[in-house]
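Notes follow once the structure below has been shown.
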Amino acid sequence: MPPEIFRSVCPYDCPDACGLLVEVENGRAVRITGDTDHPMTGGLLCAKMNHYEQTVHSPLRLTTPLRRVGAKGEGRFEPISWGDAVEQICASWQKLIERYGSECILPYSYAGTMGLVQRNAGHAFFNKIGASRLERTICSPAKEAGWRALMGETPAMDPAEMLESDLVIMWGINAAATSIHSMRDAQAVRRKGARLWAIDTYRTPTCDAADEVFLIRPGSDGALALGMLHVIEREGLLEREFIIANVLGFEELAARILPDCSPARMSEECGLPAAAIERMAREYAGARAPFIRLGSGLTRYGNGAMTVRTISCLPAVVGAWSKPGGGIFLGTSTGAAFPLQSVTREDFMDKTPRLVSMNQLGAALTKLDDPPVMSLYVYHSNPAAIAPDQNAVIRGLERENLFTVVHERFLTDTARYADIVLPATSSLEHPDLYRSYGGYHAQRCCAAIPPVGESKNNWEVFSLLAEGMGWGEPFFQSSAEKLIEQLIACETPWRGTALSERLRQGEAITCRPPSDPKREWLTPSGLIEILNRREAEPLPRLLPTHAVQDGFPLRLQPATTPYALNSSFYEQEALRSRQACMELMMNRADAEARGLRDGALVLAFNGLGEVQFTLRITERVPAGTVVSEGVWWREFIPGERGVNALTSQRLTDGGRGSTLYDVTVEVRGA
Ligand SMILES: Nc1nc2c(c(=O)[nH]1)N[C@H]1C(S)=C(S)[C@@H](COP(=O)(O)OP(=O)(O)OC[C@H]3O[C@@H](n4cnc5c(=O)[nH]c(N)nc54)[C@H](O)[C@@H]3O)O[C@H]1N2
Ligand SMILES: Nc1nc2c(c(=O)[nH]1)N[C@H]1C(S)=C(S)[C@@H](COP(=O)(O)OP(=O)(O)OC[C@H]3O[C@@H](n4cnc5c(=O)[nH]c(N)nc54)[C@H](O)[C@@H]3O)O[C@H]1N2
Ligand code: SF4
Ligand SMILES: [Mo]
């Protein structure tokens, strides 16, 4: 029999939400290709998903519930039945709630799946039980906060407009790894004659594809943008008519902030020569339709929100918004196309429980607040690897009196500390509805294969737990399919009946924001608010990073790799071997100053921890910066700790985001 082909969607935390074609033989996925009909994918998948079948059918998949029989972290478990697992979890929670109150339970979930139903499947359950709420801010809330300060609720422009630009700037984004379709478009427009710039802290694969590369000091993009704004103002390169009609407070910025932001002064901050800042300003302002694709790397600093706000002033002052192809793109907010209340059920909350930052899990588990966190339920996230300050997180997970449940596809670093492990389905084994945050498309999909082993999807598990708790709400007896249908049935200004019907058919649809993102400024004043008195800082200005206080000489960049996605994909050996091993990339001058050899085992350390890496000497990294790509599983690294043993629990200036890139270290031979 020829293989059956199913349409599906990539579930990972990637802006592109690709359309997949899944070939299935005898209940197994045998081949995955990119959907040629999909508006963003156009048949092209990334290296990670080209062999998704090796993730789905990996021998490392968990297939039954497990109970811990070894020490926490050791990884020794015995199989138990689903019935026993659910009974033990519910009995433990009931006992803990009696003694400590329901806020002693903390859910922890994030980006394992982006499907609207499976990703949010636990909210109703934890709202009903009255657990502490998790503030899900590890990724890029500073980006949203910076945008909101300037642009209010204005939705994102269509990223496909990049194809009409004559100057594309990849700013703080490693698009060749993290947004490959955006990179494909950038290369296409470059072939038509546009110039491509990359602004980063080290030479990434994205930089290799660019006409010009500007390497700046970590966390100093605000200085670069202010220097450019200074030159644009000084040399009269502004679009005055656009500013008069659309912008509030440029005069205040020009009078109070820009005089101190000369290229010479900003050069001291960002490390680029003053002449380069001047030239960038002139070429940016002189471009017909400059387009900035802003990434998240530069937001994960103590000044991240302000950096985004400052850079986002650039298209306003040169009037790029009024030109086809011009503007800035940070990510689409297609969430508004599918109001999630019918899944998250905030109405199940009796009172509003405390909020715990996912960036400060280490503190939450080790500081014994009132009530202390006595139980942690982790689903589609791997905090022992991905959360900052790994030593604090692991000290917490090691607590004998912390009852930990982990619902996972693999025995991750976090699952090793669980009392009960529950096996999770992969996206090919459950239905869901997906929306992109790098475009305007959305798609629903059904399960293509049966669950591997006894694995269950997120929704099914919360349904079982609700039953175990003895709750009678019919909501918890619903099914993932019904929840998806409810989301589709609820029409919004983003999409009407015709699109809903196409969603039901499994087609990828393109929704459109209800307002014109390049003309209608959804701020209180109706203008782009360079001056915003509702903010603690009324005007964009230079703010320091956290790490300037730390005193270690090298800036560490815990960056992304094309061959993994956060801590996902390490189960695929072929991908792992393309990354070789957990390396620390360092400039030759820094290595020689420390007497370190290429390939040697080295120890990077700071006030939070120490981590072993294999040293890679490379001119891709400028002096003063070191880079480690990927979030490796503990079983594949030379020492006991991963790169996040060096990152801190400090938060960003806006949005309470993570500051993973705002770190300093010293390095010596191991
Ligand atoms: N292959 C792959 N794809 C991914 C991921 C992955 O891990 N691997 N992760 C997914 C997730 S969850 C997210 S949020 C996105 C993130 O994707 P991106 O937005 O690309 O974010 P990062 O890769 O974290 O950082 C982008 C770049 O910013 C640079 N950078 C760091 N600090 C600064 C700075 O101060 N200034 C400037 N100009 N550049 C700086 C880094 O060196 C990096 O090259 O990617 C998603 N896609
Ligand atoms: N050093 C460093 N740290 C980082 C980053 C970095 O670039 N460098 N990136 C940060 C960013 S931007 C983010 S968004 C976070 C992401 O951090 P996480 O949200 O923890 O994402 P992953 O590491 O991909 O882990 C997701 C886990 O979910 C599991 N999973 C997948 N699908 C399902 C499912 O349907 N159900 C269940 N129950 N489990 C499932 C996978 O097996 C995987 O182990 O990491 C952050 N941490
Ligand atoms: S990870 Fe991103 S680029 Fe790769 S298949 Fe998924 S959505 Fe597409
Ligand atoms: Mo992220």
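The structure presented is a predicted model; accordingly, all values stated were derived computationally and were not measured. As the structure lists them, so they are numbered: ligands from 1, and atoms in each ligand from 1.
- In this structure, atom 38 (N) of ligand 2 lies nearest to the protein heavy atom His407 O, 2.9 Å.
- Heavy atoms from both the backbone and the side chain of Thr178 come within less than 4.0 Å of ligand 1.
- Nearest protein heavy-atom neighbour of atom 36 (N) of ligand 1: Asp221 OD1, 2.6 Å.
- Side-chain N/O atoms of Thr137 and Arg656 include no donor and acceptor closer than 3.5 Å.
- Looking at Leu660 against ligand 2, only its side chain comes within 4.0 Å, counting heavy atoms.
- Polar contact with ligand 1: present for Tyr661 (N/O pair, distance under 3.5 Å).
- Atom 47 (N) of ligand 2 has Ile386 O, 2.9 Å as its closest protein atom, hydrogens excluded (heavy atom only).
- Here the options are Thr625, Ile277, Leu272, the test is side-chain contact (heavy atoms from CB on, under 4.5 Å), and the partner is Ile216; only Leu272 passes.
- A salt bridge links Asp550 to Arg650: at least one charged side-chain nitrogen sits closer than 4.0 Å to a carboxylate oxygen.
- For Thr425, the closest heavy-atom approach to ligand 2 falls below 4.0 Å.
- Shortest contact from atom 26 (C) of ligand 1 to any protein heavy atom: Gly172 O, 3.1 Å.
- Closest to atom 21 (O) of ligand 1 by heavy atom, among Gly438, Gly297, Pro562, Ser568, is Gly297.
- For ligand 1, the polar-atom distance check finds no N/O of Ala175 at less than 3.5 Å from any of the ligand's N/O atoms.
- Remark: ligand 2 atoms within the under-4.0 Å shell around heavy atoms of Thr560 are 7 (O).
- Aromatic pair Tyr570/Phe410: ring centres not closer than 6.0 Å.
- In terms of polar-atom proximity, Gly219 is counted as a contact of ligand 1, with an N or O under 3.5 Å from an N or O of the ligand.
- For ligand 2, none of its N or O atoms has an N or O atom of Pro383 under 3.5 Å away.
- Regarding atom 32 (N) of ligand 1, its nearest protein heavy-atom neighbour is Tyr301 OH, 2.7 Å.
- A heavy-atom separation below 4.0 Å is found between Glu408 and ligand 2.
- Looking at ligand 1, you won't find any N or O of Cys139 less than 3.5 Å from one of its N or O atoms.
- In this structure, atom 10 (C) of ligand 1 lies nearest to the protein heavy atom Asp13 O, 3.0 Å.
- Rounded to the nearest 0.5 angstrom, Asp13 CG and Ile138 CD1 are separated by 10.5 Å.
- Considering backbone and side-chain N/O of Pro218, none are found under 3.5 Å from N/O of ligand 1.
- Judged by the shortest distance from any of its heavy atoms, Ala564 lies inside the 4.0 Å radius around the atoms of ligand 1.
- When His430, Arg409, His380 are ranked by how near their heavy atoms come to atom 28 (O) of ligand 2, first place goes to His380.
- Checked by distance only, ligand 1 and Thr561 come closer than 3.5 Å through their nitrogen or oxygen atoms.
- Ring geometry for Phe552 versus Phe605: interplanar angle over 60°, hence perpendicular rather than tilted (30 to 60°).
- Close contacts between ligand 1 and Lys48 involve ligand atoms 1 (N), 2 (C), 3 (N) [criterion: under 4.0 Å to a heavy atom].
- Each of Glu429, Glu53, Glu571 was evaluated against Arg61; a single residue qualifies, Glu429, per the salt bridge (Lys or Arg N to Asp or Glu O under 4.0 Å) test.
- Of the options Tyr437, Phe569, Tyr12, the smallest heavy-atom separation from atom 13 (C) of ligand 1 is shown by Tyr437.
- For the pair Arg300 and ligand 2, a heavy-atom separation below 4.0 Å is found.
- Within the listing of ligand 1, atoms 30 (N), 31 (C), 32 (N), 33 (C) sit less than 4.0 angstrom from a heavy atom of Gln557.
- Side-chain atoms of Thr425 and His430 form a donor-acceptor pair, as typed in the model, at a separation below 3.5 Å.
- Heavy atoms of Ala177 approach ligand 1 to within less than 4.0 angstrom.
- The residue Tyr563 has no part lying near ligand 1, judged by heavy-atom distances below 4.0 Å.
- Between Phe291 and Phe329, the ring-plane angle classifies as parallel under the 30° and 60° cut-offs.
- Closest heavy-atom approach to atom 19 (O) of ligand 1 within the set Ser296, Ala47, Ser140: this belongs to Ser296.
- Contact annotation for Ala111 and ligand 2: heavy atoms of both the backbone and the side chain come within less than 4.0 Å of the ligand.
- Less than 4.0 angstrom separates some heavy atom of Ile199 from each of these atoms of ligand 1: 38 (N).
- A salt bridge does not link Arg300 to Asp662: none of the charged nitrogens lies less than 4.0 Å from a carboxylate oxygen.
- Taking all heavy atoms of Leu565, Asn566, Asn174, Thr137 into account, the minimum distance to atom 5 (C) of ligand 2 is reached by Asn566.
- Nearest non-hydrogen protein atom to atom 44 (O) of ligand 1 is Asp200 OD2, 2.7 Å.
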